[in-house]
Protein chains: 4
Amino acid sequence: MVIGDARTRILDAAEELFAGGGYEATPTAVIAKLARVPKGLVFHYFPRKIDVLVALVDERTLVEETREVDALPGDPAGTLSKLARRLPLRASPSMRRILFREADTHRSVKERLGRLNGELIRRARFALELALPGQRGETARLEVAAATFAAVLLYQENLCQLTGHQIDPDAVAELIAHSLI
Amino acid sequence: MVIGDARTRILDAAEELFAGGGYEATPTAVIAKLARVPKGLVFHYFPRKIDVLVALVDERTLVEETREVDALPGDPAGTLSKLARRLPLRASPSMRRILFREADTHRSVKERLGRLNGELIRRARFALELALPGQRGETARLEVAAATFAAVLLYQENLCQLTGHQIDPDAVAELIAHSLI
Amino acid sequence: MVIGDARTRILDAAEELFAGGGYEATPTAVIAKLARVPKGLVFHYFPRKIDVLVALVDERTLVEETREVDALPGDPAGTLSKLARRLPLRASPSMRRILFREADTHRSVKERLGRLNGELIRRARFALELALPGQRGETARLEVAAATFAAVLLYQENLCQLTGHQIDPDAVAELIAHSLI
Amino acid sequence: MVIGDARTRILDAAEELFAGGGYEATPTAVIAKLARVPKGLVFHYFPRKIDVLVALVDERTLVEETREVDALPGDPAGTLSKLARRLPLRASPSMRRILFREADTHRSVKERLGRLNGELIRRARFALELALPGQRGETARLEVAAATFAAVLLYQENLCQLTGHQIDPDAVAELIAHSLI
DNA sequence: CATGAATGAGACTTCATTCAT
DNA sequence: CATGAATGAAGTCTCATTCAT
């Protein structure tokens with residue numbers, strides 16, 4: 001067996017189970033079973049159950065923080081749409097679900113989520129600044145527009161599954177763009 | 001001691017504890033202790049633990065569903081602001097927290113949250129229709145505007161606490177209003 | 001079943017097992033089995049395993065602290081012998097064994113043992129003072145004699161079992177008495 | 001790294017840990033960590049955990065058994081004091097602690113402790129015989145005196161730490177000497 | 001109705017020991 | 001020899017739920 005294989009299988013199993021039933025509802029024994037490792041090995045890699053969650057978030061969600069934003073000058077709607085299509089979050093659908101659902105479970109999850117939100121807002125604002133170069137001085141409006149767009153994107157990722165209401169980011173992008181002209 | 005008094009105290013205790021530590025992390029014994037009732041009495045009123053949560057949501061969160069909306073004709077921003085200031089959710093801060101946090105715990109919680117979202121969207125759209133009587137036919141844009149505003153309000157209620165980013169509903173109302181003119 | 005019966009049986013079982021194999025080597029499950037109660041009931045009465053030991057020491061060892069000492073004037077040896085025959089420790093042989101063996105396990109056990117030793121010394125000295133009324137001023141010698149006798153008695157209770165060497169308290173009493181004349 | 005170096009470090013670590021928290025409470029993994037050796041190596045040198053304790057006692061406590069005793073003729077008190085000042089136990093303070101604390105853990109520890117006690121008594125008696133050459137025939141009294149002194153010395157080594165009562169061996173030596181004249 | 005002792009399944013965690021490399 | 005991943009039995013503790021009184 002390749003080194004790290006067991007550890008990876010444990011994280012795979014945990015990702016699947018945490019996304020499905022939630023952290024609290026997932027016994028470590030079930031993680032071990034799904035990962036086809038003995039119960040004790042879970043402890044060997046992750047001394048406490050919470051360490052599995054922390055490792056997942058640490059290793060399997062990456063908030064891409066960058067200064068470079070792809071803006072289409074003169075096209076704020078297109079710029080936001082583009083941003084929406086590629087969230088600065090490298091994570092599987094399962095990990096996205098975990099990130100939102102378990103925000104209360106551990107500080108590290110909440111912090112990661114906060115970073116994502118912050119990055120989203122920063123990008124949206126920066127993109128809008130580039131797309132609308134003439135609007136210097138209207139900082140406040142850009143700020144609100146960026147925050148609104150970020151809120152919609154996170155809503156899309158999280159609450160929307162709970163409430164059952166879809167929302168089209170492109171349409172919101174257009175709405176916001178329209179409000180800034 | 002009046003009958004029902006105990007029941008009320010149990011719900012009070014559960015509300016506080018569920019909001020603080022979450023449903024799963026709150027043992028019934030702790031609820032009983034905080035409510036100053038014997039452990040057995042909790043199960044007398046609520047045969048299963050989940051029934052406490054269901055009762056809380058049933059009895060302590062009221063989504064006000066109505067057709068009557070207070071609109072200010074010609075002032076869509078003011079109309080949305082007004083809506084934001086009085087969410088159609090009669091619930092304590094604790095219950096609001098529970099509603100969002102425990103949406104995964106039981107179908108009834110998720111359903112209540114969905115109703116809140118639906119009502120929010122319906123109200124926002126209806127209010128916008130009244131505030132902008134000339135825009136018949138632009139249904140799609142109004143729909144998006146309403147959904148966006150609802151998303152921001154729910155974000156405000158929920159994720160904002162997790163991510164630490166505030167957002168001003170009034171400014172968003174103005175943004176959206178501006179986009180509709 | 002009489003109230004307290006189960007709790008008593010748990011303590012009975014623990015006393016027997018702790019005396020036999022030691023605290024660490026005795027699983028709570030075995031205590032429960034010997035007490036003929038379900039495992040969970042042990043926790044019901046004693047939230048932590050250590051609480052069983054603490055309760056045993058608290059409730060089943062009594063260090064009799066008193067000012068009144070039975071002295072035979074003019075007969076220091078007889079006085080000490082008498083003291084040796086009735087240690088100021090109301091406890092079963094099992095509890096005596098536990099008291100000495102588990103002194104490191106919990107502060108409360110060590111403290112109780114310290115109280116026993118202190119009482120022993122105090123009594124021995126007081127008894128000697130009464131038995132030898134003429135020796136005012138020889139406080140230091142009485143003190144040493146009392147401590148020595150206490151040491152021998154505790155040795156008798158504890159180390160003697162470990163080392164396999166018996167020691168006759170009466171002979172030591174006579175030795176000490178002889179040294180004081 | 002020299003072979004045996006690791007073994008020594010393991011024993012060093014175990015000595016420190018057993019003295020501090022006790023044998024049962026010290027996991028082999030912690031020993032390995034403190035010794036800066038891999039876990040498996042502990043079991044390479046000591047197939048069972050108990051073998052570490054046995055090796056410690058075997059190799060690091062030496063009960064000096066000898067016939068030659070340094071007696072001061074005519075000065076029994078001085079003779080006993082001298083004995084007290086150099087117990088026939090070559091062992092670090094940690095090992096002394098282990099010897100007394102773990103006497104129940106393994107036969108070999110108890111046996112070593114018994115040997116120490118026996119040697120103590122033998123020496124004390126022999127020393128007294130030499131110091132008081134005139135008292136042939138008074139064997140019984142010498143025996144009691146020797147046992148008493150041994151008891152005090154062991155008490156000093158062990159229980160005294162637990163009970164918090166100091167005792168001065170020199171004073172006891174004088175007391176005993178006085179009783180033999 | 002009210003009470004808290006009783007129940008037991010199962011959770012997390014510990015850890016001595018093995019063994020393939 | 002050296003290594004640390006692997007193993008699994010067993011330990012402590014949790015807690016929803018029942019039920020006799």
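Reminder, nothing fancy here: chain letters follow the sequence lines and each chain counts from 1. Heavy-atom basis, side chains included; hydrogens, waters and symmetry copies ignored.
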Are any non-hydrogen side-chain atoms of D/Asn117 and D/Leu154 less than 4.5 angstrom apart?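 Yes - at least one pair of side-chain heavy atoms lies under 4.5 Å apart.
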Taking the cut-offs as 6.0 angstrom to the six-membered ring centre and 45 degrees off its axis, would you call C/Lys49 and C/Tyr23 a cation-pi pair?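 Geometry flag: set, cation within 6.0 Å and 45°.
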To the nearest angstrom, how far is [X] atom [atom1] from [N] atom [atom2]?
X: C/Ile10; N: F/dT12; atom1: CD1; atom2: P; result: 14 Å
X: D/Glu24; N: F/dT12; atom1: CD; atom2: P; result: 11 Å
X: B/Asp51; N: F/dA16; atom1: CG; atom2: P; result: 13 Å
X: D/Leu53; N: E/dA16; atom1: CG; atom2: P; result: 13 Å
X: C/Ile31; N: F/dC13; atom1: CD1; atom2: P; result: 11 Å
X: B/Arg7; N: E/dA2; atom1: CZ; atom2: P; result: 13 Å
X: C/Lys33; N: F/dG11; atom1: NZ; atom2: C1'; result: 15 Å

With the side chain of [X] defined as its heavy atoms from C-beta on, choose the nearest nucleotide among [options].
X: B/Phe43; options: F/dT18, E/dC12, F/dC15; answer: F/dT18
X: C/Tyr45; options: E/dT3, E/dA5, F/dA16; answer: E/dA5
X: C/Pro27; options: F/dC13, F/dG11, E/dC15; answer: F/dG11
X: A/Leu41; options: E/dC12, F/dT7, E/dG8; answer: F/dT7

Only pairs with both distances under 3.5 Å count, Watson-Crick or wobble alike; so what is the partner of F/dA20 in this structure?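 Base-paired to E/dT3.
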Can you tell which of C/Leu53, C/Ile50, C/Val54 makes a side-chain contact (heavy atoms from CB on, under 4.5 Å) with C/Ser108?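 When C/Leu53, C/Ile50, C/Val54 are each tested with C/Ser108, the side-chain contact (heavy atoms from CB on, under 4.5 Å) holds only for C/Val54.
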Whether [X] contacts [N] is assessed here as follows: a side-chain N or O lying under 4.0 Å from the phosphate OP1 or OP2. Is that the case?
X: A/Lys39; N: F/dG8; result: no
X: B/Thr28; N: F/dC15; result: no
X: A/His44; N: F/dA5; result: yes
X: C/Arg48; N: F/dT14; result: yes

Taking the nucleotide of DNA chain F with the nearest heavy atom to each, does B/Lys49 or A/Val42 sit closer to the 5' end?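 Per heavy-atom nearest nucleotide, the more 5' residue is A/Val42.
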Let me spell it out: for each of D/Gly40 and C/Thr26, pick the nucleotide of DNA chain F with the closest heavy atom. Which residue's pick is nearer the 5' end?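 Of the two residues, D/Gly40 wins.
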Going through the checks in order, is the salt bridge (Lys or Arg N to Asp or Glu O under 4.0 Å) test met by A/Arg97 and B/Asp104? CA-CA 11 Å; A/Arg97 184 134 183 66; B/Asp104 274 317; 3.2 Å; yes
Assign each of C/Arg36 and A/Val30 to its nearest nucleotide of DNA chain E by heavy atoms, then name whichever residue's nucleotide is nearer the 5' end.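 The answer here is C/Arg36.
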What residues, two or more places apart in sequence or in another chain, satisfy side-chain hydrogen bond (donor to acceptor under 3.5 Å, both in side chains) together with C/Thr61?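 In terms of side-chain hydrogen bond (donor to acceptor under 3.5 Å, both in side chains), with neighbours along the sequence ignored, C/Thr61 is linked to C/Arg112.
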